[in-house]
Amino acid sequence: MKKLLAGLAIAGLVLPAAACKGDDSAGGAKTYTIGIANFLLSGPYFSGMDAAIAAQAKTKGNVKTISTDAGGDAAKLAANVEDLLSKNVDAVIISGGPLESAPATLNAIKAAGKPVVLVDRKFAVGEYTSWIGPDNEAIGKQDGQFLAQKLTAGGKVAIIKGGPADNSIGLARTNGLKSVLGKDSRFTLVEAPDFGNWGSDGGLTVMEGLLAKHPDLVAVFCENDAMCLGAQRAVASANKTAQIVLAGVDGQAEALKAIQDGTNYVVTGLNSPNVIGKLALDRTVEVLGGAKVEKDTVVPSPQITKETAAQYMNS
């Protein structure tokens, strides 16, 4: 993480100079306009990513952003990108959320000859300039290792998925957990039959169903923090807070507070929209300045527990 932040600091010093290589007709620094195509902004993680990109642009002094929200509609995302291209943006940043691929969107950007940077989600197909995001399987593995050490007696662990079934980000996180607990004879894994849809209310509803069928659970792993916060409410309503611990992913502020306060929410893995968003904006400006950039950048995702939660509260 120190190396990552050091690189970010260097980028902050160097990139504005690179962006000034091209002067406008007034003789000042060339101004870039970057489009932000969001698949959906309804969740705190994705709205946080959008805000981080826009905030980082303001620090440059010569970068403007135009943000769009497709509301979870792939066709709308493609239309939004077409609209951004019609406004002659210099580049596009795509926050794809749970969208697995967006060929029409990427093809339109390619046809326009513009660079495209993907954040968090790396699409399964299509050409892009650069991607910045986490190692999701590693985060799931970290959670599994923590639970294995904490729950020495073992027991039944539930898994709440965000969905849909082919969501590679969620699958990677769950597979990471399974690679640890699935091979440990002390544990039995139970996957919820329904998806939590990445939200707190969804997590609560799915958790209620799990508790009805599996009252002997000792832990719950959720593919993101939002669902786990909802699951925590369901556990409390069932008077099982002392029995069941929760493990999530993302480092959402509310989850960090619950972990720091010593509740039954015991661990998460950092997948910071702030860090990724800032890096994405810097990477895009770097590309526009003519630099040769790394194709894929994996952002470190440290494990967060009660002992370390405070230092990540503003990540």
Side-chain angles (χ1 to χ4, degrees), residues 1-12 36 38-59 65 67 93-98 117-122 130-143 146 162 169-170 172-173 176 198-200 221-229 246-260 265-286 294 296-315:
M1 177 62 78
K2 289 181 179 179
K3 181 178 179 182
L4 171 68
L5 296 178
L8 180 57
I10 291 171
I36 309 170
N38 296 288
F39 181 56
L40 74 167
L41 288 176
S42 57
Y45 180 85
F46 302 117
S47 60
M49 181 83 72
D50 183 69
I53 294 170
Q56 186 68 359
K58 290 180 180 179
T59 70
T65 59
S67 180
I93 295 173
I94 297 180
S95 175
V117 174
L118 308 181
V119 292
D120 185 47
R121 160 70 71 183
K122 185 196 295 185
S130 190
W131 164 81
I132 297 174
D135 182 337
N136 288 294
E137 187 167 351
I139 301 175
K141 185 176 292 186
Q142 286 175 177
D143 277 8
F146 182 90
I169 286 180
R173 294 174 180 180
W198 304 98
S200 178
F221 167 78
C222 306
E223 290 180 345
N224 78 340
D225 284 327
M227 291 188 295
C228 248
L229 288 165
L246 299 103
V249 180
D250 278 348
Q252 187 175 324
E254 294 85 352
L256 296 183
K257 182 67 165 56
I259 293 171
Q260 185 180 31
Y265 205 130
V266 293
V267 66
T268 190
L270 184 66
N271 178 30
S272 171
N274 290 331
V275 171
I276 295 175
K278 290 175 182 178
L279 286 173
L281 191 282
D282 286 346
R283 174 65 52 81
T284 306
V285 174
E286 192 178 359
E294 190 174 38
D296 295 331
T297 298
V298 176
V299 179
S301 301
Q303 184 182 83
I304 303 174
T305 63
K306 183 180 179 181
E307 290 70 31
T308 60
Q311 71 187 81
Y312 296 106
M313 286 300 289
N314 297 313
S315 295

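Nearest heavy-atom pair across Ile304 and Thr308 is CA-OG1, 3.5 Å. When all heavy atoms of Phe39 and Pro98 are compared, the pair lying nearest together is CD2-CD, 3.8 Å. Listed here is the closest heavy atom pair of Ala52 and Gly277: CB-CA, 4.2 Å. Here the shortest heavy-atom pairing between Pro273 and Gly48 reads CB-C, 4.0 Å. Between Val119 and Ala280 the shortest heavy-atom distance is CG1-CB, 3.1 Å. Residues Met49 and Asp120 share a closest heavy-atom pair of CE-CB, 3.9 Å.
The salt bridge (charged side-chain N to carboxylate O under 4.0 Å, His left out) check on Asp225 picks up nothing, with sequence neighbours excluded. In terms of the salt bridge (charged side-chain N to carboxylate O under 4.0 Å, His left out) criterion, Lys306 has no residue partners (sequence neighbours excluded).
Counting only heavy atoms from C-beta outward, the side chains of Ile53 and Ser67 never approach each other to under 4.5 Å. Inter-residue side-chain proximity for Tyr45 and Asn224 is flagged as unmet; no heavy-atom pair is nearer than 4.5 Å. Residues Ile139 and Pro134 form a side-chain contact, since some pair of their non-hydrogen atoms from C-beta on lies under 4.5 Å apart. At a threshold of 4.5 Å between non-hydrogen side-chain atoms, the residues Phe146 and Val266 count as touching. Looking at Ser95 and Asp50, their side chains never come closer than 4.5 Å, going by heavy atoms from C-beta outward. Side-chain atoms of Phe221 and Val249, non-hydrogen and from C-beta on, do get closer than 4.5 Å to each other. At least one side-chain heavy atom of Ile276 sits less than 4.5 Å from a side-chain heavy atom of Asn271.
When atom types are taken as modelled, the side chain of Gln260 and the backbone of Ala309 share no donor-acceptor pair closer than 3.5 angstrom. When atom types are taken as modelled, the side chain of Thr268 and the backbone of Gly248 share a donor-acceptor pair closer than 3.5 angstrom. One N or O on the side chain of Gln303 and one on the backbone of Gln142 form a donor-acceptor pair closer than 3.5 Å. In terms of modelled atom types and a separation under 3.5 Å, the side chain of Arg283 and the main chain of Glu294 share a donor-acceptor contact.
Going from atom CD1 of Ile94 over to atom CD1 of Ile36 covers 12.0 Å, rounded to the nearest 0.5 Å. A distance of 12.5 Å separates CH2 in Trp198 from OG in Ser42, rounded to the nearest 0.5 Å. Here the straight-line distance linking atom NZ of Lys58 with atom OG1 of Thr65 works out to 7.5 Å at 0.5 Å rounding. To the nearest 0.5 Å, atom CG of residue Asn136 and atom OG of residue Ser301 are 7.0 Å apart. Atom CE of Met227 is separated from atom CG of Leu246 by 12.0 Å, given to the nearest 0.5 angstrom. Going from atom CD1 of Ile259 over to atom CE of Met313 covers 10.0 Å, rounded to the nearest 0.5 Å.
Under 4.0 Å is where a charged nitrogen must lie from a carboxylate oxygen, and between Asp250 and Arg173 at least one such pair does.
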- Message: Could you go through Tyr265 and Leu256, starting from their C-alpha distance and side-chain angles, then the distance that decides it, and tell me whether this counts as side chain to side chain contact (heavy atoms under 4.5 Å, CB included)?
- Response: CA-CA 9 Å; Tyr265 205 130; Leu256 296 183; over 6 Å; no

